[in-house]
Amino acid sequence: MSGGTGLPVFAAGTDVPSVHGLSYVHGSAQLPSGRVALTVAADGLLRVEALVGATRSVRTGRLDLAVLNRVLGALRSGPPGAVPGQDGTADGTTAAGTGRRLTVVGLLPDGDASWDDATAAPVPGVGRALEALAAQVLDPAAAGRLPGVLLALDEIDPADAGSTARPAAAIGTVGGRSAYALAEPEQGFGLVALDGADPLGGSGVEAGVLPTALALGTAGGRELFAVGGADGAVQVWDAVSGALLHGTAGGEGAQAVTAGLVQGVPLVFSAGRQGEVQAWHAEDGRALGLLPVAGQGAAVLCHARCAGLDLVAAAGDDALVRVWDAATGEQLHLLVGHSDRVTALAVLSLGDQALLASAGQDGSVRLWDLATGQPLAQLIGHSGTVTALAFLRTGGDPLLASCALDGTVRTWDVYTARALDGRPVARGWLTALAAVPHDGRDLLVTGDESGQLTFWDPMTWTAVGDCAPGAGQDFPVNALAVGELDGRPVLAAGHGDGTVRLWDAAARTELHTAAPDGGPVTSVALCPAGERLLVVCGTATGAVRCLDPRSGAPLSVPTSHTGPVSALAVGTPDEDGRVLLASAGADGTVRVREALGGAPLLRLTADPAGVTALAVGSVAGRPTLATGGPDGTVRLWDAADGAPGPVPVGALRGPVTALSFGLLDTREVLVGGGADGALRIWDARNGSPAGEFSGGGSPVRSLVLQDLGGEVLLAAGDQGATLRLWHAGSGTLLNEAELDRLPLAVAFGEAGLHVVGPGGAITL
């Protein structure tokens, strides 16, 4: 394996870097668990490569030097100290494994060193920390033992995410004519009439979306064409006119969020590591526009009020701070001064004025006049990356508090830019700060890598209380936010395992804990919305979570999928005449929108391992979703509120590959196909079995159940290009035909059974 620019380079047949750095290798390509290799250069550049069978994954990025220094410190001192993720034995070693090697070149005072489980010098306990780090790099959705601020990953090209994309097709109507939609890799997508093969519109290869799923449907008297992409985007067109009706942007999603009232309207702003800053209506999730950052994304956002204007500030890897008028989208300031990644922002409103504090990996804190964009001061004192900032009311002049990876909290006089105090307040890394109102002034709250919240009197530096998450829940606090609920201050904390905890900040009692959903929480904001308060979170996978602080229940979430879209389905009108568009993704979620207008209605996590099949139907008069996962399990959900329905009895073997609702005589049923070619029918009301059909061993790619003249027929096409036709009631196989194309979609029509595959449609 070879590194990119600045990364350790290995000599042929070795795992020893030829430049200064650290290398950790676990396993081998011949082992069932595969092989993982982690390298970190002396400047923090990082590379992780995993090889399992023939599948190779590579991710690069940058690790804060605080992590590397702690690992090296543990190696110098023998048995490791408190390193996130390490669970070594008492003597500092771990149980002997297979193929584990740790090599350090040019970074230890006593010279280069190497450890190998196959020798008398096995890999010490710090190896567990390196394994946890590698896992967090390869899978951002995994629980994060490492605080998010310590790790900045390079982006994966969306085209790479869809490099294994397979062709997709759907059958419906366009302009009153039976038609099909077909997308093939590197050929774009198109609409074609089934009778006569007339082209009805489409795109070329430069359409801006790499299709992975298609759907046709009707809503409000308009025929719709929906496309899901490899980058998680979903776009919907008028199938007749070709007009784009609505859509979501794909990309990295939302790792940073902020929120506030803009001209009295509650808005959420979100940003990922790429793309622009997106504005959303907080209550209904409507997308309201973009704040441009030249595609650079942002690592941190904040909302401010200054001189009658609502402002949004964003900063990130390019070391720049941008400030916009949130109401108009006009960029007001571009603040230049930091020399490295900006990791923290805070705002102090002072009537018609406001101060912005920014800090980051260069260790400095800078103050800016938000009205003019002029720099006011540079505060020097930290010796590590600054991880959080908070302005404090003291009853006198306001203070600014900052914490950093040097383990200290520092306070500064805002008006004189004078350092007031600086001291270590925790044994480990400090990761978050917040100011909580208390008796007319503020207490300072710190969050650390162990998940603990500590309350401090900033004038005396005495600890006055704490909030601990509980045994076994010691994941870092990645973000804090303060708001008011029922006249009392509340504190929201986002953790590295993905949980969100809401605390009564006065009583220091826990109100709610929201379970992980979307990976480690990376940012938190509290947004007033009428009489409600919304908890808004950004996550490591780019999902936005909106929670009700009274119940912890999830609310509408506006973002796109954070991985390829695996399936799309358009439903039939519900009792209110509303047609639903559902999309499923490799991120394990299902998103439901109003098909015609695009208003987001629901987000639910159906299967954390990914959703492989999806259908929308009506069961007992309620709009219903069916989802399938990689383990063969099929689930039913209420499409209006996300409540789980009955679990169909009997899983399919291997991944669920196709789902469809239908009627079997008078029973509402669900049909599912699996990777072994078998099909099952379930009663959709109670999940009981209603039929089973064996296939030819190839994965089912398409299926349809339909009543034709009083006889219910089931047709299914598989990956082996075979089409089978059954009498659904008796289970009799009526016909089996070899096709000249892969059956991506099948549907009964007046002329026979239509089959769509690469190259077009045929009728049997």
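What you are looking at is a predicted structure, and each value in this text was computed from that prediction instead of being measured. Values below: all heavy atoms of this structure, side chains included; hydrogens, waters and symmetry mates excluded.
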[X] and [Y]: side-chain donor and acceptor closer than 3.5 Å?
X      : Y      : result
Trp456 : Thr446 : yes
Arg501 : Thr499 : yes
Asp517 : Thr605 : yes

For Ala388 and Thr431 the tightest heavy-atom approach is CB-O, 4.2 Å
For Gly447 versus Leu453, what's the shortest heavy-atom pair and its separation?
CA-CD2, 4.0 Å
Could you tell me whether the side chain of [Y] reaches within less than 4.5 Å of the side chain of [X], counting heavy atoms only?
X      : Y      : value
Leu399 : Phe391 : no
Leu389 : Val365 : yes
Glu49  : Val36  : no
Leu433 : Leu444 : yes

For Val386, does its backbone N or O pair with a side-chain atom of Thr343 as donor and acceptor, under 3.5 Å?
yes
Whether Asp362 side chain and His338 backbone form a donor-acceptor pair below 3.5 Å
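No.
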Any salt bridge linking Asp340 with Arg62? Criterion: basic side-chain nitrogen under 4.0 Å from a carboxylate oxygen.
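Looking at Asp340 and Arg62, the cut-off is met.
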Check ion pair Arg145-Glu131 (N to O, under 4.0 angstrom)
no
Would Thr509 and Trp503 satisfy side chain to side chain donor-acceptor pair (under 3.5 Å), going step by step from the backbone distance to the final call?
CA-CA 6 Å; Thr509 56; Trp503 302 86; over 6 Å; no
